[in-house]
Structure formats: C-alpha cells, structure tokens
Protein chains: 2
Amino acid sequence: MFKKVLVVEDLDSIGYGISIMLKQELGVQEVVLSQYCGDAYLKYIKSVHDQTPYDLLITDLSFNEDHRIEKIANGKQFINKIRGLGYRTPIIVFSVEEKPTAVKKMVQTHDISGYVVKSRNGLRYLREAVESIYEGDKYLSPQVSNINTKKELFEIEDYDVMLLSHLSNGLTQEEIARIFNQSDISPCSLSSIEKRINRLKDELKAKNTIQLVANAKDLGLI
Amino acid sequence: MFKKVLVVEDLDSIGYGISIMLKQELGVQEVVLSQYCGDAYLKYIKSVHDQTPYDLLITDLSFNEDHRIEKIANGKQFINKIRGLGYRTPIIVFSVEEKPTAVKKMVQTHDISGYVVKSRNGLRYLREAVESIYEGDKYLSPQVSNINTKKELFEIEDYDVMLLSHLSNGLTQEEIARIFNQSDISPCSLSSIEKRINRLKDELKAKNTIQLVANAKDLGLI
DNA sequence: GTTACCCTTACGGGAAACCGTAATCAGAAG
DNA sequence: CTTCTGATTACGGTTTCCCGTAAGGGTAAC
C-alpha cells in the first residue's frame, strides 16, 4: 500500500474521515492533511526536496475563502502547479463536482489517476480508488464512470463561456461586441454575438437571455 | 455527556468523521448514522416508541437526490416533521449554508439549539456546540454568530423571490403580470413589477435584469 | 371633509433585445 | 480562376424592456 499520502481538503469533517479511513482501513503509514492549496503545495515541494516524496495526492477542487490570502485558490490550480513542474505523483480528485464536461476536462488534461464524487458512498469509492491506483489502474467513481462513453450533447466553447459571463456581469450585447473587437476575439460583430446567443438559447432550452444565463449558472458553466 | 445521538448526513465522508469525533472525543455511547431524512425520521419515531429516545440530533440541510424516492427531501423538512409532532429534542444543524437570512430563519422558527457552518474548523465547532448544548446553552459557530446583532441590509420578501424565479424561468414581465393577476397576487400590474425589478436591481447592484438574476442565483435567493 | 402620504396602476418615449434577410469574406473543391 | 460553402457582418422592423411622469385609491392625522 502507499506509504505517504497528502490529503488536501478544506473541511475538517471530511479530512478527518479520509485520514482515519486511509490509516485504519488501508494501512497507510503517513497521512498528511492540508486545508489550504498553497500550504499543500509547499508541503509537496518540501517533501520532494527532502527526498521523502508523497506516493499519492488526494485533493478537493473547491476551497472556501478565508482570512488567508491564497495564491493557489483551488484544487485545479494546485494540480496545474504540480503537473507544470513535471511531477507525476498519482492524483485522486475528491469533489462534489460531477458535471460531465468539468470532470472530463480535469481527467483528460491533468493526468488524473482517479476521480471520486463526494456522495453517500464517496468514502467507500475513495477507498476503492486508492486500492485500484495502487495496483496501477485508473479509477472513476460510478457517477462519472460514463464520461468517456456518452458523447457530449453539445459543445460549449471558451468563447461561449466568455459571452455568458459577460452577459451575467450586466454587459449589453453592444458592449460585448466592443470588447471582443478590442481584444481581437472573433467573431466580434453584434450580429454574430446575437446569433451565438440564439444558438446557446437553443441548446440550453432558454426562451430569452435571462433564462439562458440562469440555466448556464445552474449547469455551472459560469 | 449525551448518551444517544442521531447524525443525519448524506456524505459518508462527513458522517464518518462526526461519528468518530462524538465517540472518541466526547464519549458519546451510541451514535446512529442516517444518510436519508426519511430513514432518520423513522429511526427517530421508533426510538421514541421504544422508550429509548435520542438525546440529540445533528443534521445536515441539503441532501443529494438518489435512486430512492424520498418524501422528506431535506433537513428543513425533517426538522419540521419532528417539531411538528411536538418533540423538543435538541437539534444541531451542520451545514455549508451560511447566508444570514437563511440561517436566521432556521434558528428562529424551528427552535434550533445550535447551528454550525461546515468549514475548515467545522468539526471543532461542532464539538464545542455539543458541549455547550449539553450544558444547556445555545451555540452558533463564528460564521453565523452575528446574525442577531447585525440588521439586514435589505429585506427580500417572498414576492421578490417569486418574481426572480419567474424571470429566471424565462417569463416576460408581461407574462408575470398576467400570472400574478390570475393568482390574485398584489401588486400585479406590469408597472409595479417593473418598479419592483428596479428596486431589486438597486439592491443587488445589477445593471440590467440579466445581471439581476445572475446575482440572485449567486446569492442563493433562487 | 381635507390633507398628506404611500402604494399601485397607467401611459409614453427611448434603448436594448429579438429576428429575419441579405451582403461580404475566406477557404476548399473542382 | 471559378464555384461552392460556411462563417461573419450589416441592416431594418418588431417586441420587450427600461425609466420617468402622472393619475388613482386606500389609510391616518388633523
């Protein structure tokens, strides 16, 4: 079994549960708990320099803000930093996030070994994930195990997300057109923006722009 | 210390942590864990009938949906049922919800003994809450301890919430006026609805209705 | 009864969104 | 080079939203 595991999770109630499960049920010798991404990053770097690296990272994605000023605000940025430096320590994401698009993006682009959705049996699946990954396999908890088979209902590009978030910030379509023009983002004409908004309204089954933005928020696109 | 505690929490990772804390750190003899509100309700009722009632309830508010069909969908309904039957067992709410209006409503209308926000030190505060309540006090975790002192910045009434949710469902202002007319909800004229939306835009610092609905969603009003 | 006040309703002009059509442009195919 | 195609842009008319002003309708104080 893994000897040294770093758990990055802001909620102590969860971190405590994970930690005990790892030690008592899986026999992990050393479990280090970190409640801040920045702190976790420092701990990770230090362990590498001390020649006592972690065998496994388990991390949440979303972290509450705090009095502390954090350069690394969430699990995604944390993983980016680690992978950006070339370290290939296996990583398990343990998060409530289960939207297929978001999960797929995480798994594909960051070399994630396992993705476990926090749920009624999340801790059990996390245990299975650790065991599988120790055997060299990858692991996805049941809620997201189908992300690769079922094709996307529709493609939302970065452009669309920018558009939606500008709308949700109260910008008028004309203002957005102006911004896209200045930023050399194409298409940038008012007409094209209208058309794109219409397509999004189709895809997200919205009758008007208000509902469009509301639905986009519900889906977590913005 | 309390002898018999019922913990109602859907996420096993959290329930596990709470359970161990209660037993090992506080010496609670019997901790029963339930992952469904309906199940928790049955357990509670049974314990009363068996003359072995619980001394304390600790419950989450939001519960993920599942394959199971649940009549009691969330912690609020669960508490309502218990209090509705006249039982006065002390209750601690343990939730991520920390919006003052929501918390205030819960605490005031349901005779809640303690409210603890899930956070970095949530489990520690939960422990403090249990200890305080055992001594006969009430307890609010630091994030919400000020709900009674600081007055509301603005009052959002049910009317406003209905308005906002109709907007987010893509209804036009005219349609909303028609609905309010048919439902005998006053004010119901297009003009008044416009005025009310304007007031909300002021209060939620929105430049237009799109941003208004987006902000309302962010605040959890709808 | 009169007045003052607040809330609701009514109306009208201007801005933004909505929607269809047509012109323009760029790249691929022939 | 020409043609075809798809994407982008341009424009005009209609609807909805936006915002100010003003009229109506209760209630309370005088």
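Numbers restart at 1 for each chain; the letters A, B, ... are given by sequence-line order, proteins then strands. On a predicted model such as this, the values are computed, not experimentally measured, just so you know.
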(Q) Could you measure the distance from the OG1 atom of B:Thr209 to the CG atom of A:Asn208? Nearest 0.5 Å is fine. (A) 9.5 Å

Q. Angle class for the A:Tyr54/A:Tyr44 ring planes (parallel below 30°, perpendicular above 60°, tilted otherwise)?
A. parallel

Starting from [atom2] on [N], measure out to [atom1] on [X] and report it in whole angstrom.
X        : N      : atom1 : atom2 : value
A:Ile193 : D:dC11 : CD1   : P     : 16 Å
A:Glu175 : C:dA17 : CD    : P     : 8 Å
B:Ile185 : C:dT8  : CD1   : P     : 13 Å
A:Leu212 : C:dC18 : CG    : C1'   : 14 Å
B:Arg196 : D:dC17 : CZ    : P     : 18 Å

Q. Phosphate oxygens OP1/OP2 of C:dT8: is one of them under 4.0 Å from a side-chain N or O of B:Ser192?
A. no

(Q) Can you give me the closest heavy-atom contact between A:Pro90 and A:Phe2, atom names plus distance? (A) CG-CE2, 4.4 Å

(Q) Under the rule for side chain to side chain contact (heavy atoms under 4.5 Å, CB included), what residues qualify as partners of B:Arg178, not counting sequence neighbours? (A) B:Glu174, B:Glu175, B:Gln182

Q: Go through the structure and list residues passing side chain to side chain contact (heavy atoms under 4.5 Å, CB included) with A:Glu98, not counting sequence neighbours.
A: A:Val117, A:Gln143, A:Val144

Q) Who are the side chain to side chain donor-acceptor pair (under 3.5 Å) partners of B:Arg120, not counting sequence neighbours? A) A:Asp66

Show each protein N/O and nucleotides 14-16 of chain D N/O combination with a separation under 3.5 Å, one pair to a line.
residue: D:dT16; atom: O3'; partner: B:Thr172; partner atom: OG1; Å: 3.2

Q: Produce a footprint string for nucleotides 19-26 of chain D: one letter per nucleotide, 5' end first; B if the base is under 4.0 Å from any protein heavy atom, S if only the sugar-phosphate is, - if neither.
A: B-------

Q) What's the closest nucleotide to the A:Ser189 side chain, out of C:dT9, D:dC18, D:dA10? A) D:dA10

Q. Does A:Lys118 come within less than 4.0 Å of A:Glu9, counting only side-chain N to carboxylate O?
A. yes

(Q) With nearest nucleotide decided by heavy atoms, which residue, B:Leu190 or A:Leu171, maps closer to the 5′ end of DNA chain C? (A) B:Leu190

Q.
I'd like to know if the side chain of A:Glu70 pairs up with that of A:Tyr36 as donor and acceptor (distance under 3.5 Å, no hydrogens or angles considered).
A. no

**Q.** Contacts of type salt bridge (charged side-chain N to carboxylate O under 4.0 Å, His left out), residue A:Asp218, not counting sequence neighbours
**A.** B:Lys217

